[in-house]
Amino acid sequence: MTSRDEPEQGALLGLDDVGGRRRAPRSSAVEVADVDPVARVVLDLQPAHLDREYDYLVPAAMADDAVPGARVRARFGPQDVAGYVVARAATSDHDGRLQPLRRVVSADPVLTPAVLDLARRVAARYAGTVADVLRLAVPPRHARVEAEVLARLAEWAEADGAARPAADGSADRAAPGAAPRPAAPGGDGWPEVWTPYGTGEAFCRHLLAGQAPRGVWSPLPGLQAAADDAPARVPHWAAAIAQAARVTLAGGRRALVVVPDARDVDRVCTALGVAGVEEVERLQADDGPAPRYRAFLHARHGLASVVVGTRAAMFAPVPDLGLVVLWGDGEETLDEPHAPYPAAREVLAMRSEAEGAGFLLGSPGRTVQAQAMLARGWAAEIAAARAVVRARSPRVRALTSVELAHEGPGAAARLPTAAWRTARTALDRGPVLVQVPRTGYLPVVACAACRTAARCTHCHGPLGLGGARATPQCTWCGRLAGTWRCEECGHDRVRAVRVGSERTAEELGRAFTGVPVRVSASSAPGGILASVAADPALVVATPGAEPVAEGGYAAALLLDAATATAGTDLAMATRALHRWIAAAALVRPGPDGQVLLVGDAAPAPTGALVRFDPAGLAERELDERRELDLPPAVRVAAVTGDPDAVRAVVDRVELATPETVLGPVDLPGDDRLEARVRTVLRVPLSDGAELANQLRASLAVRSARREGGTARVQIDPQEML
DNA sequence: TCAGATGAACCC
DNA sequence: GGTTCATCTGAT
């Protein structure tokens, strides 16, 4: 598409002064590239109505550098804005005159076609702009790091004669990374860690064969036994992920692993080391700009065979991607807090489809969204047989007040005698984990009899207590719940549930004199601990901050169970189970290891914990969502902001009908100058893409008209899932 | 002579 | 995507 005869190029490109309303300010004699003098550019512009590509002239001096993927700067109106070249062309469709590119910031093509394509899909899915997504996907350039990496690449290319990876991102190295050992089914190096899972072997076989299997995986609990006699400290899940990555490499492709936080990055990297995988790159935003950009460039240029990172790594440019792994689905850190608020699960699912890569989603719990992937046949379940799960799990007991009735008044204590006794005994065998809910306050309305969270009778949104109002009000559609009846037990009274916990470490210190108490929490003096030794100690941790104990915990106490399942959002039950199982998975298998759930939590997650069955709970929850028209059985979008702005945005959406619109409702706890409201749109899944379309168009109108105020659109807003 | 209609430029 | 400005058109 490059060389062709060049008919009056100048005229073609609007360089001559023919027909121009205004004369070109500078001399029109810009010397333009001989071949493909037009650069199609994606600019980093905020306004939604400017979300498209723009053509610029490529000055001859930039002809070789302005390659697709290169960072450039270009004149846009009065401003100089940053952007990326996405294509070179011989001609432009633009009627007017083209401006020349201002500068090629770097000829290193950092925006790969695959990532650009992904950005477009994500923007469409989440009613956002491509520029917004690219801001998430491509980290800020670090010139010194770039020079360093490119120099090293050039050096290597010269040394071993291997050409550097092609500019379009396709790697030239035959098998990425060093496949440590040949992994053949049944052969040496075949990942036995996946054997207990019925479909695990088939999943690996497909990866090895270069196919794109998709699995939703419920990992077995526990730590992976080390090869030598060293105490086990690598979680089983991390070892399994490492093996899946290794098989992918053996098949000649690369892998990308996205996890909720830095400690999990460590764990996966350790497991990859144990598995003999080299060329592992860690990609975390909180490593700082230089390491982050270095890791990004290494990934981009195929120097990493496995990329392990936190949320933003979901966009990492990995050539020859054979597997994407999402660990910890359901953790809040996997939801991007910046517009357009994409969820890692969705982004990676889109990626695996677009790039023909395998997809592996694993988590201690199971979200209804993951369950929905199974339900619609998009992914296959990877789970071990019940007997295996039982054999590998700790013994779990729920110490509800019913269970403890014989204890008398002490049953309602935060740490009932039975729990105290279990912990005391377990301390002879090793460390004991104590999980406490994060400190917080949450006004929630629940059934006064059975404590099931109360839902709106109209739209099934969660009820809340707004300000001084005595009657509970739906937090979605705003209706007052005057005549309410519990859907579980038929009771007609509600009560407020307050959530909060504090001083747990001190309380425990008093209860267990002479036992060291370690605290692992972001608010603790020592911060979050990655691991603890096998010595007896009480380890108090908030959810997600549990350290791995060498050889596993002897017991875990999951305190304040009632507060863990009380909350306004729909994911309360699955999230609570996720947290409990994440803690329980660090405990030794029974009967050596024991888990006690203390407090009266909702019955469904409690039962699911005792059975160690996140899949069962997710299935049940998904059924319920279907019946009640709740996501993910429907698609929802939230429009938040000033009342006028929100109304304007919603009014332009054709799919917004009395049937689909919930609200607007005043947002509590925000007493700023402007009132803030939220309107929810709820449509069938089949209208989901169209809803995003219409919202995007409405936002474009809004920015073109320069409508005031603020209005934020969120598809699948986390707090409603 | 001017109000309203039309359309391109804007921002490439 | 809408706004703005220039030009065109047709009625008066």
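Heavy-atom basis, side chains included; hydrogens, waters and symmetry copies ignored. Owing to the predicted nature of the structure, the values given are computational and were not obtained by experimental measurement. In the text below, chain A, chain B and the rest are named by the order of the sequence lines, each starting its count at 1.
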Can you name the side-chain hydrogen bond (donor to acceptor under 3.5 Å, both in side chains) partners of Glu53(A), sequence neighbours left out?
Arg120(A)
Nearest-Å distance for atom pair CD/C1', residues Glu53(A) and dC11(B)
15 Å
With sequence neighbours excluded, residues passing salt bridge (Lys or Arg N to Asp or Glu O under 4.0 Å) with Arg575(A):
Glu332(A), Asp569(A)
Taking only residues two or more places apart in sequence, or in another chain, which ones meet Thr129(A) in a side-chain hydrogen bond (donor to acceptor under 3.5 Å, both in side chains)?
Asp132(A)
Mind checking if Tyr56(A) touches a base, just sugar-phosphate, or nothing, with heavy atoms under 4.0 Å?
sugar-phosphate
Working to the nearest 0.5 angstrom, can you tell me the gap between Leu691(A) CG and Arg635(A) CZ?
8.5 Å
Round to a whole Å and report the spacing from CG of Leu43(A) to P of dC11(B).
13 Å
CZ of Arg40(A) versus C1' of dC11(B): gap in Å, rounded?
16 Å
Using distance only, find each side-chain donor-acceptor pair of residues 288-297 of chain A under 3.5 Å and give its atom names and separation, not counting sequence neighbours.
unit_1, atom_1, unit_2, atom_2, d
Tyr293(A), OH, Arg71(A), NH2, 3.0
Arg294(A), NE, Glu148(A), OE2, 2.7
Arg294(A), NH2, Glu148(A), OE1, 3.1

Taking atom P of dG1(C) as reference, at what distance in whole Å does atom CD of Gln694(A) sit?
11 Å
Specify the closest pair of heavy atoms between Leu45(A) and Ala131(A), including all atoms of both residues, with the distance to one decimal.
O-CB, 3.6 Å
Of all of residues 118-127 of chain A, which get a heavy atom below 4.0 angstrom from DNA chain C, listed by number?
none
With sequence neighbours left out, write down each residue that passes side-chain hydrogen bond (donor to acceptor under 3.5 Å, both in side chains) with Glu331(A), or none if nothing qualifies.
His578(A)
Could you list, one pair per line, each protein nitrogen or oxygen that sits under 3.5 Å from a nitrogen or oxygen of nucleotides 2-5 of chain C, together with the distance?
none

Side-chain atoms of residues 371-378 of chain A: list all donor-acceptor pairs with protein atoms under 3.5 Å, sequence neighbours left out, distances to 0.1 Å.
unit_1, atom_1, unit_2, atom_2, d
Gln371(A), OE1, Arg366(A), NH1, 2.9
Trp378(A), NE1, Glu353(A), OE2, 2.5

Nearest-Å distance for atom pair OH/C1', residues Tyr54(A) and dA9(B)
13 Å
Dot-bracket for DNA chain C, please. Rules: Watson-Crick or G-U, both distances under 3.5 Å, ( ) within the strand, [ ] when a pair crosses earlier ones, | for another strand, . otherwise.
.||||||||||.
Protein-nucleotide distance (Gln99(A), atom CD; dC11(B), atom P), rounded to Å:
10 Å
Under 4.0 Å, heavy atoms only, any strand: does Ala697(A) hit a base, just the sugar-phosphate, or nothing?
sugar-phosphate
Starting at CZ of Arg97(A) and ending at C1' of dC10(B), how long is that distance when rounded to a whole Å?
14 Å
Can you name the residues that form a side-chain hydrogen bond (donor to acceptor under 3.5 Å, both in side chains) with Arg40(A), not counting sequence neighbours?
Asp55(A)
Length of the line joining His49(A):NE2 and dC10(B):P, which is rounded to integer Å
14 Å
Any pair counted as ring pair (Phe, Tyr, Trp, His ring centres under 6.0 Å), so long as it reaches residues 35-64 of chain A, sequence neighbours left out:
Tyr54(A)-Phe76(A)
Contacts of Asp261(A) meeting salt bridge (Lys or Arg N to Asp or Glu O under 4.0 Å) (sequence neighbours excluded), chain-then-number -> Arg263(A)
